[in-house]
Amino acid sequence: MLTILAYSMIVVFMFLIMTKRLPALVALIVVPIAFGLIGGFGAGLGPMMLEGIRSLAPTGVMLMFAILYFGIMIDAGLFDPIVRVILKLVQGDPMKIVVGTAALAMFISLDGDGATTYMITVSAMLPLYMRLGMSRLVMACVIMLAGGVFNILPWGGPTARAATALGVDVSDIFVPMIPAMAVTAVWVLFVAYMLGMKERKRLGTVSLPGQAKAEVRKAAPAPVLQPAFNELAVAGSMNGTTGQWSPAPAAAAREGNVHAFAAGRIEADAGSVGASGGSGNSGGGDEPPVGVSSPDTARPKLIWVNFLLTVALLVLLVLGALPLPVLFMIFFAIAITVNYPGLEAQKARIEAHAANVLPVVSLIFAAGIFVGILQGTKMVDAIALSVIAAVPDWMGPYMAIVTGLLSIPFTFFISNDAFYFGVVPVLAKAAEVYGITAAEIGRASVIGQPVHLLSPLVASTYLLVGMCKVEFGDHQRYTLIWSISASLVMLVAAVIFGVVPLMGSGA
């Protein structure tokens with residue numbers, strides 16, 4: 001009965017958010033409470049929910065002050081030079097932008113913290129997507145795929161959990177998986193290339209500031225170029241999730257800097273683009289005066305101070321010198337004081353970013369109710385036991401492959417802790433009979449991490465969708481197939497390299 005209740009709760013939750021019948025915030029609260037009452041747990045739901053909220057409270061505090069910190073850095077113009085360099089490299093090509101997004105996310109993911117990866121990558125790349133009218137779902141997808149691959153780093157969490165649960169050394173799990181991890185990273189870049197080519201086909205390429213006047217050609221008869229900045233505005237409306245622009249009939253370019261032609265060609269005057277995007281520290285010359293910040297908030301004279309402050313934050317983060325919530329609270333206080341010393345200026349900056357903070361933090365605490373009821377009612381244990389019992393005896397020799405495949409749905413539907421400490425040791429015990437070592441089971445158990453990050457139980461995912469300004473359900477629908485493909489590629493590569501056995505030696 002509990003098993004049926006658990007599966008039903010998850011299915012109903014996924015159905016409601018993916019069909020947009022309820023927003024994720026409401027579904028995370030209402031669905032688990034409803035199923036908790038159906039299961040007869042009414043009297044104990046209060047403490048369960050409170051425990052779940054308490055467990056995620058540090059994450060909520062960390063994300064709130066992290067968003068505020070990086071928001072201050074964006075306002076002050078810290079990322080403006082990065083955006084300018086990227087603009088020069090990509091030359092207005094959507095394919096290069098998407099591939100560059102994946103590569104940047106992989107590089108930043110080396111610190112092992114998903115929230116940091118999302119904040120820095122989105123802060124640097126979102127202006128380009130907005131400027132060209134590119135799909136933000138594509139950006140969220142490739143960033144998450146990159147983070148999923150690098151989530152198996154020893155300091156990322158899952159690998160350490162697997163090693164601890166199985167009593168093996170972390171290096172015995174991670175080091176042999178490096179070749180398979182590299183292959184999967186190449187696959188993610190290939191996926192980014194394919195998605196980027198689709199965006200190029202839809203949008204064409206565009207001349208940006210500092211480039212020569214260019215033409216954009218597309219297959220579709222109607223123009224779809226719609227940057228976020230007013231200097232490239234065409235009358236019509238844009239789907240904020242897909243980035244698809246629907247121009248109004250006989251759309252005319254604002255101030256004559258964009259011209260739409262009947263054949264679907266758009267000609268942009270590069271000289272009129274980005275006039276308002278500058279940070280005030282372009283330095284003159286041929287460098288385009290574009291960036292993420294506004295001239296009113298940019299602090300070009302403090303760019304090196306902000307850079308060193310951010311480097312210090314990341315170093316302390318990696319070293320684990322202080323808890324993450326405390327680190328971000330301290331550095332936010334320093335950053336806003338240094339860049340905006342006046343009381344009114346500080347209030348204005350906090351108010352400006354409140355709209356970004358509220359959706360993310362509210363989702364975190366709502367997820368606390370979901371997690372608290374899922375764990376407090378023992379639904380997590382029921383799901384784990386049901387799947388283990390469903391594995392037939394004839395699959396015993398293939399338990400390593402079974403573990404790899406099970407890790408895909410398991411790490412999506414239940415937390416990493418529940419999977420690695422509750423399920424993996426049981427699978428390892430069963431595999432031992434067939435000569436499959438605990439380390440091999442541990443390697444197979446991390447295969448599902450690219451899919452795990454899509455789980456509604458992962459707090460940092462709400463940060464990603466919030467910063468990208470996309471719906472959680474849309475992100476899941478768009479990214480799921482690519483996440484599964486990344487996990488399968490990693491599993492096949494691990495088998496080919498011999499680090500996950502196809503069949504136990506004792507079979």
Inter-residue atom distance [X].[atom1] - [Y].[atom2], 0.5 Å rounding:
X: Arg200; Y: Ile97; atom1: CZ; atom2: CD1; result: 10.5 Å
X: Thr117; Y: Ile143; atom1: OG1; atom2: CD1; result: 9.0 Å
X: Met9; Y: Met379; atom1: CE; atom2: CE; result: 5.0 Å
X: Leu195; Y: Met134; atom1: CG; atom2: CE; result: 9.5 Å
X: Thr411; Y: Leu453; atom1: OG1; atom2: CG; result: 8.5 Å
X: Phe15; Y: Arg21; atom1: CZ; atom2: CZ; result: 4.0 Å

For the pair [X] (side chain) and [Y] (backbone), establish whether a donor and an acceptor sit closer than 3.5 Å, ignoring hydrogens and angles.
X: Gln449; Y: Val446; value: no
X: Arg443; Y: Val499; value: yes
X: Glu199; Y: Ser135; value: yes
X: Thr461; Y: Leu454; value: no
X: Ser407; Y: Gly448; value: yes
X: Thr403; Y: Ser445; value: no
X: Arg136; Y: Val470; value: no

Quiz: residues 33-50 side-chain donor-acceptor pairs under 3.5 angstrom, not counting sequence neighbours:
none

Shortest non-hydrogen contact between [X] and [Y], atoms and distance:
X: Ala57; Y: Phe365; result: CA-CE2, 3.7 Å
X: Phe13; Y: Val31; result: CB-CG1, 4.1 Å
X: Leu25; Y: Ala366; result: CD1-CB, 3.6 Å
X: Ser109; Y: Gly147; result: OG-CA, 3.7 Å
X: Ser487; Y: Val451; result: OG-CG2, 3.6 Å
X: Leu166; Y: Ala428; result: CD2-CB, 3.5 Å

State, yes or no, whether a side-chain contact exists between [X] and [Y] at a heavy-atom distance under 4.5 Å.
X: Thr437; Y: Asp172; result: no
X: Pro501; Y: Tyr398; result: no
X: Leu488; Y: Trp187; result: no
X: Leu126; Y: Cys468; result: no
X: Leu28; Y: Ile369; result: no
X: Ile401; Y: Leu405; result: yes
X: Val138; Y: Lys198; result: no
X: Phe328; Y: Phe70; result: yes

Should the ring pair Tyr193 and Phe190 be called parallel, tilted or perpendicular, given that the plane angle runs from 0 to 90° and is split at 30 and 60?
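Correct class here is parallel.
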Passes side chain to side chain contact (heavy atoms under 4.5 Å, CB included), Val326 versus Ile330? Steps please.
CA-CA 6 Å; Val326 176; Ile330 293 173; 3.7 Å; yes
May I ask you to check whether Thr101 and Tyr129 show a side-chain donor-acceptor distance below 3.5 Å?
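Side chains of Thr101 and Tyr129: pair found under 3.5 Å.
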For Met144 and His475, run side chain to side chain contact (heavy atoms under 4.5 Å, CB included): C-alpha distance rounded to whole Å, both residues' side-chain angles, the deciding distance at 0.1 Å, then the answer.
CA-CA 10 Å; Met144 178 158 284; His475 173 57; 3.3 Å; yes
Contacts under 3.5 angstrom, residues 309-316 side chains, donor-acceptor by atom type, not counting sequence neighbours:
unit_1 : atom_1 : unit_2 : atom_2 : d
Thr310 : OG1    : Tyr69  : OH     : 2.9
Thr310 : OG1    : Asn306 : O      : 2.9

Show, in sequence, the C-alpha distance, side-chain angles and deciding distance for Met181 and Val149, and conclude whether the side chain to side chain contact (heavy atoms under 4.5 Å, CB included) test is met.
CA-CA 7 Å; Met181 182 177 168; Val149 174; 3.8 Å; yes
Show, in sequence, the C-alpha distance, side-chain angles and deciding distance for Phe410 and Val424, and conclude whether the side chain to side chain contact (heavy atoms under 4.5 Å, CB included) test is met.
CA-CA 10 Å; Phe410 254 114; Val424 172; over 6 Å; no
